[in-house]
Amino acid sequence: MGHLDHATFGWLTPVLSYAMACIGAALGLRCTVRALGATGRARRNWLLTAASAIGTGIWTMHFVAMLGFGVSGTDIRYDVPLTVLSLLVAMVVVCAGVFAVGYGRDRTRALLLGGLTTGLGVASMHYLGMAAVRLHGDITYDPVRVGLSVLIAVVAATAALWAALHTTSPVAVTVASLVMGAAVSSMHYTGMFAVSVQVTPSGTALPGATAMQFIFPLAVGLGSYLFLTSAFVALSPTTGEREASASAQRHDERDAQPGERSGTGTRPARTA
């Protein structure tokens, strides 16, 4: 039995992964709030941004945490296609959940359906990412802890979508994102504590890429995307700000042409 270490770099990877989950959640919530205040193409675009932010945050959290995962007696490699597929799964299922909430007429039904779909998708992303792990030995799982991790994922996803519908102020969004980040991290580590590895020593080279060769550059790239998108959302005006600006502009136009609304405009006096 190989000894599992979930924090080979100490507290660095757990803290950094939690930060990534919180940033993705906060950005996703802000974009969803913007979407619910918009219509047409603008709503769709905001929902797509929200889904990509939450999906990216969850995936980045998982694999940043995996940078600290080690097993005594064996090296670890990652299957690149399966790892990329896990990212796509995270994006697609979160998108389905966010769109269900954004366009659903029955909010309660959309919330439950979206939370279930997103939660199962997040769990699928996690275990698909674990299926991409290559090492000398066999990985087994404790079914009770696996079930608990899936339950945490569903509850966390439902809570996230509920927060997207009911939180609008920056303080509420910040608190909700911190809670969501904790829930996603709890799901990840609950799933990781379900893992057992029976190491089979071998001198054969493992297929796949190391975490530093593939996971680290991709996580850095996605993390940069989150930060840049956060800056864009922070700088873009809200629906209320746009409406206030348009109202002020109309008011200025009326002040500049006071006689046009009543049709009693005055003409300059004719001089002799």
Side-chain angles (χ1 to χ4, degrees), residues 1-27 53-80 82-87 90 122-123 125-142 145-146 148-149 152-153 156 177-202 205-228 230:
M1 184 75 68
H3 172 71
L4 276 63
D5 189 348
H6 299 286
T8 58
F9 298 104
W11 286 100
L12 177 62
T13 50
V15 170
L16 185 57
S17 63
Y18 172 68
M20 290 295 101
C22 290
I23 292 171
L27 180 56
I54 297 174
T56 297
I58 292 171
W59 187 94
T60 305
M61 178 273 142
H62 171 80
F63 280 101
V64 167
M66 289 301 291
L67 291 174
F69 177 65
V71 181
S72 61
T74 178
D75 294 329
I76 295 177
R77 299 289 186 273
Y78 292 89
D79 182 282
V80 173
L82 272 180
T83 304
V84 174
L85 179 60
S86 70
L87 173 60
V122 169
M125 179 278 297
H126 174 87
Y127 289 105
L128 188 59
M130 289 302 299
V133 173
R134 299 289 180 262
L135 48 74
H136 293 303
D138 298 316
I139 298 177
T140 57
Y141 295 91
D142 179 346
R145 292 180 180 178
V146 169
L148 180 59
S149 70
I152 293 173
S177 64
L178 293 175
V179 174
M180 287 168 56
V184 172
S185 297
S186 298
M187 178 269 161
H188 171 82
Y189 284 105
T190 300
M192 293 306 297
F193 289 140
V195 173
S196 297
V197 178
Q198 185 67 46
V199 175
T200 305
S202 173
L206 289 167
T210 67
M212 290 299 176
Q213 288 174 337
F214 174 62
I215 303 298
F216 180 72
L218 186 56
V220 169
L222 293 175
S224 300
Y225 163 77
L226 287 177
F227 281 108
L228 291 174
S230 298

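The OG1 atom of Thr74 lies 5.5 Å from the CG atom of Leu206; values are rounded to the nearest 0.5 Å. For the atom pair CE (Met61) and OH (Tyr18), the distance works out to 11.0 Å, reported to the nearest 0.5 Å. Atom CZ of Phe69 and atom CE of Met130 lie 5.0 Å apart (nearest 0.5 Å). Considering CG of Leu128 and CG of Leu85, their distance stands at 5.0 Å, rounded to 0.5 Å. In this structure, CG on Leu4 lies 7.0 Å from OG on Ser196, to the nearest 0.5 angstrom. To the nearest 0.5 Å, atoms CE (Met187) and OG (Ser149) are separated by 4.5 Å.
Looking only at side-chain heavy atoms (C-beta outward), Tyr127 and Val146 come within less than 4.5 Å of each other. Considering only heavy atoms from C-beta on, Leu87 comes within 4.5 Å of Leu222 through its side chain. By the 4.5 Å heavy-atom criterion applied to side chains, Arg134 and Leu82 are counted as neighbours. The side-chain heavy atoms of Arg77 and Leu135, taken from C-beta on, include no pair separated by under 4.5 Å.
Listed by chain and number, the residues in a ring-ring contact (aromatic ring centres under 6.0 Å, His included) with Phe193 are His6 (sequence neighbours excluded). Not a single side-chain contact (heavy atoms from CB on, under 4.5 Å) links Ala19 to another residue, sequence neighbours left out.
Between the side chain of Thr60 and the main chain of Gly57, no donor-acceptor pair closer than 3.5 Å is present.
Contact between Ala65 and Tyr189 at its shortest, heavy atoms only, is CB-OH, 3.5 Å. Smallest separation of non-hydrogen atoms from Pro217 and Ala211: CD-O, 4.4 Å. Nearest heavy-atom pair across Ala90 and Met125 is CB-CG, 3.7 Å. Nearest heavy-atom pair, Ile139 versus Val195, reported as atom, atom and distance to 0.1 Å: CG2-CG1, 3.8 Å. For the residue pair Cys22 and Gly181, the shortest heavy atom distance occurs at SG-CA, 3.9 Å. Across Val199 and Ser72, no two heavy atoms sit closer than the pair CG2-O, 3.6 Å.
For the pairing with Met66, the side chain to side chain contact (heavy atoms under 4.5 Å, CB included) check across Val133, Ile76, Thr13, Thr83 returns one residue only, Val133.
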Output, in order, the C-alpha distance, side-chain angles, deciding distance and verdict of side-chain contact (heavy atoms from CB on, under 4.5 Å) for Val184 and Met20.
CA-CA 10 Å; Val184 172; Met20 290 295 101; over 6 Å; no
